[in-house]
Structures are given as structure tokens and as C-alpha cells.
Protein chains: 2
Amino acid sequence: MRLIIAECSVDYAGRLSAHLPRAKRLLVMKADGSVLVHSDSGSYKPLNWMNPPCTVSVLTPSAEQALVGVQQVWQVQQAKTDDVLMISIFEVLSDISHELGDDPGLIKDGVEKHLQELLADQLHLIEEGASLIRREYFTAIGPVDILLRDANGSTVAIELKRRGDIDGVEQLTRYLELLNRDPLLAPVRGIFAAQEIKPQARKLAEDRGIECLVLDYDAMRGIDDGRPRLF
Amino acid sequence: MRLIIAECSVDYAGRLSAHLPRAKRLLVMKADGSVLVHSDSGSYKPLNWMNPPCTVSVLTPSAEQALVGVQQVWQVQQAKTDDVLMISIFEVLSDISHELGDDPGLIKDGVEKHLQELLADQLHLIEEGASLIRREYFTAIGPVDILLRDANGSTVAIELKRRGDIDGVEQLTRYLELLNRDPLLAPVRGIFAAQEIKPQARKLAEDRGIECLVLDYDAMRGIDDGRPRLF
DNA sequence: TGATGTATCTCGGCT
DNA sequence: AGCCGAGGTACATCA
């Protein structure tokens, strides 16, 4: 990994065109050839970048560029597409390199699937007397998140999202249409469950006779393992 | 901006929990207090990070931590949420700081909105005799990109995408359904316009009687400002 | 390998 | 401030 602090301007051409005027910035060149251009603020997304695989060529500046003080031009070329990043360097303030080696990688815990497991374990949140048919009930058009039988013995399909958007309602609608063709299951009604449900999605769901259910993830997790989230 | 190359392990707790085992990594601390943890590969997304506003406190390692060789523990605390990043540093290999100052920011060109403006100015691309009703025609379920009246006086709704996917067809279908309930507008037909249209999306659109239109952005821009895209 | 769904999404625009 | 849509989305999972 090579870290350069430099006064530079940057041009990108690819899916879109973008230009960064002259300023001091951090240039990161990773071992896989990727390049990041970072300013001293903003969040993790660089101002500009190039994904691997790519090749970096150092060009001599044109007469015009030399005249305005450009010392080097770095051309970063994507190997697979024709995306290209041109970095014009006016002054290098710092330039260090280090071998970092492979990274063991991130271990994540506590995502979406977890919500499904929790809800399957806490069917009383949906309604009393419900019993699980199965999680990830497979159909020709994809898996239904949760399928269950209510106290009256009729079938309920649940679509689960972290954020309840229109797409999720469309998805559940398609499942319901399909499931209702199955005489062993029909009639099947739907519940759209999410940590938050967008007004548009709620409207659409209600128009279609789909019930909406807002879930409290922290509470569900709290019931399940009894401890608040800590290290 | 402070750049540290260090042997470290990292724990994050917030929306999810995540752990990075001990390895050499780049730690970037920006002027606004945000922190990035980068490895020597992968794309621009850091392995772990904390968004501003946040505060960094350097803690003395616990007896347990000291025993395994931790020299310092950095606690990066989000100011608004309770997200926290704990960075255990075993060895610092490099530590430099530079003042970068404010960044003038990125200048973009060639995005979605531009395409909409161009198309609204070049209605002949859609069909002769068409006249604009309005761009961003608002409905209860969202804005229709372009609404126009064709040579016969009937209404046409256009959904515009850079990449024409099934979602876009679904979206246009919903608009059409709604617009056709309005006696002042009905009958409304739809055109799905994009720089490229996926086969699945085309099939679905045609099944629903929606016309597909592939746009040549460069040509449209060329007509508009006369110059091809170059640096 | 391509399609699909999620994200500690980020970012900009608008209400 | 919040909501909504797009992204050079990135990223993981699954067919």
C-alpha cells in the first residue's frame, strides 16, 4: 500500500464524467492496483476512485500541463471497462509505502436473516394461535419468508423486510397470487412485516388487503437472548 | 488528516456487530473526526469505519488486553447514535499527519436528471408531434418522469432509467394504472425509455403494451451541446 | 457466472 | 429535518 499526500486535480471518465479541481488530497494505491482519492472530510466514500483490476501508468505532462505546474500525470486504466482516472499531480507532500499482507477479513453478526429467525420463534407477535408451516417456503418464483397457519387453520404468508418498501409489497403480492392457486393452501392472506414501513408501501398493501406489521428488532432480540447489545 | 499503519484488531457495535482479527491495516482519521480502517485490497469501501460526527478517546488497555500485547485502545464513539468502534493497537508502524484544508468538491456530469432534461427537449426522439405536459408529473405514488400529449391528443407517460430493469416497468405500470383512473388524462399509454433495456424488462413491458425506447445518451448530448465527451 | 436482495449503504434533491 | 430515488452503488448469496 502506497500513501501519497499531494496537491492534485483529478478527472474521471466512465459511466459519468467527473472533475476534481486542484487541492491537497490523500491518494491511496492498494496492492491490487486500486486507487482511492480522499479529502479530509466526508464519510467513507472517496471523492474518486478506480476499482481493481486496473493499471497505473505515469505519464510526462503535456507542455500545457507543465506550464500550469503539473509534475506528473497518473493514468489509472480499468482493465475490463474503458473507465479511466487521470490524476494530475502538482506537488507531492508525502509518499510512503508499506506491505500489509492479506487481511483475515470481517466477521459480521446480527443481520436480516436473524430477524426472520427471531420472528419465526415469536409467532405470537403476529397473532395468537399461529403455528409455523416453515421458513423459506419455496415457490417457483422464490422463497416466501415465513408461511404459517393461523388459529382458524387458514394459511398466512409473511414477507419480511428491514425497510418496508413498495417492492416488498409487489413481491408478497406475487407470492399470494401463486399460493392461492394451490388448493391445499388457499385461501392465503398476506402480512407485510418490517422494522419500518414506508407510507406508499403501506397504502399499496392496504389497497390489496395485505396487513402491515411493524417490528421492533431490539425488543425481539431482547426477548430472545435477554441481554442488551454490548461487546 | 492522520494516517496510521498499524497492527490492530477492530470491533464495531451499532446496527450490527462486527470484528476484525489482528492484522496490519491503514487507519485514516479525518479532520471531521471520522475514521476509516482499510486493508490492502478490496474496493473503496473500508473494512470498518465511523461516520462523523464522532469523538476518539485513547484508553489504556485492560490488564487482559495488555497481556496479549495491546498497546493502545482507541474508542471511536458516534455523537448521535450509540455506535462505537474499538480499535486495539498492537504496534504502530507509521504515523503521519497533514493539513489538507477544505476540498472544492466533485463536479459531476452525465447523470439521470440530465437525461430527463435532454429527452424533454428532444421529444421528436419519442415521436413526431408530441408536446410536453410536464417533467416530474406528481402523483400519489410518486413522480412520473415525463408526461406528454401525442399528435392525436392522447396522453403518454414516460419512465426513464439509465438501465432499464424490471423494477422500472413495474413502476411505470403502477403510474399508468393510476393515471388511467383520471378521466382528464385517460387513455394513457406508457413508454419505457433507457440507455439499455434488459431482455426481461423488455418482455414484461411488451406483454403489458408498454413501448420500449433505447436512448443514445452521447448522441442526445451531442445534439444538445455539440461536443463529444473528452477531457 | 449471472441474477437477486441487502447495506453501519452514501449522496443529492426536495418537501 | 425527513423522505425518496439513484449510484461509477458494493457486497453476499444463490440458482
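Below, read A as the first sequence line, B as the second, and so on, with proteins coming before strands; counting in each chain starts at 1.
Residue contacts for B:N51: at a heavy-atom cut-off of 4.0 Å it reaches the sugar-phosphate backbone alone, with no base atom in range. Using a 4.0 Å heavy-atom cutoff across all strands shown, B:M50 reaches no nucleic acid atom at all.
Residues of residues 35-47 of chain B that place a heavy atom closer than 4.0 Å to DNA chain D, in numerical order, are B:S43, B:Y44, B:K45.
No donor-acceptor pair under 3.5 Å is formed between the side chain of B:D32 and the backbone N or O of A:S41. Using a distance-only test at 3.5 Å, with no hydrogens or angles considered, no donor-acceptor pair links the side chain of A:S34 to the main chain of A:K30. Without hydrogens or angle criteria, A:Q78 side chain to A:N51 main chain gives a donor-acceptor distance under 3.5 Å.
Judged by distance alone, the side chains of B:S39 and B:R25 never bring a donor and an acceptor atom under 3.5 Å apart. In the model, B:S9 has no side-chain atom that pairs as donor or acceptor with a side-chain atom of B:R22 under 3.5 Å.
For the pair B:E170 CD and D:dG5 P, the interatomic distance rounds to 15 Å; values are reported in whole Å. A straight line from CG of A:L160 to P of C:dT6 spans 9 Å, rounded to a whole angstrom. Atom CH2 in A:W49 sits roughly 15 Å away from atom C1' in D:dC11 (whole-Å rounding). As a whole-Å value, the separation of A:R174 CZ from C:dT4 P is 10 Å. In this entry the distance linking CG of B:L204 with P of C:dA3 reads 16 Å, nearest Å. A:D83 has its CG atom 15 Å from the C1' atom of D:dA10, to the nearest Å. Rounded to whole Å, atom P of D:dA10 lies 10 Å from atom CD of A:Q78. Rounding to whole angstrom units, CG of residue B:D145 and P of C:dG13 are separated by 16 Å.
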B:Y12 and B:D83: CA distance, side-chain angles, deciding distance, side chain to side chain donor-acceptor pair (under 3.5 Å) verdict: CA-CA 8 Å; B:Y12 165 78; B:D83 291 25; 2.8 Å; yes
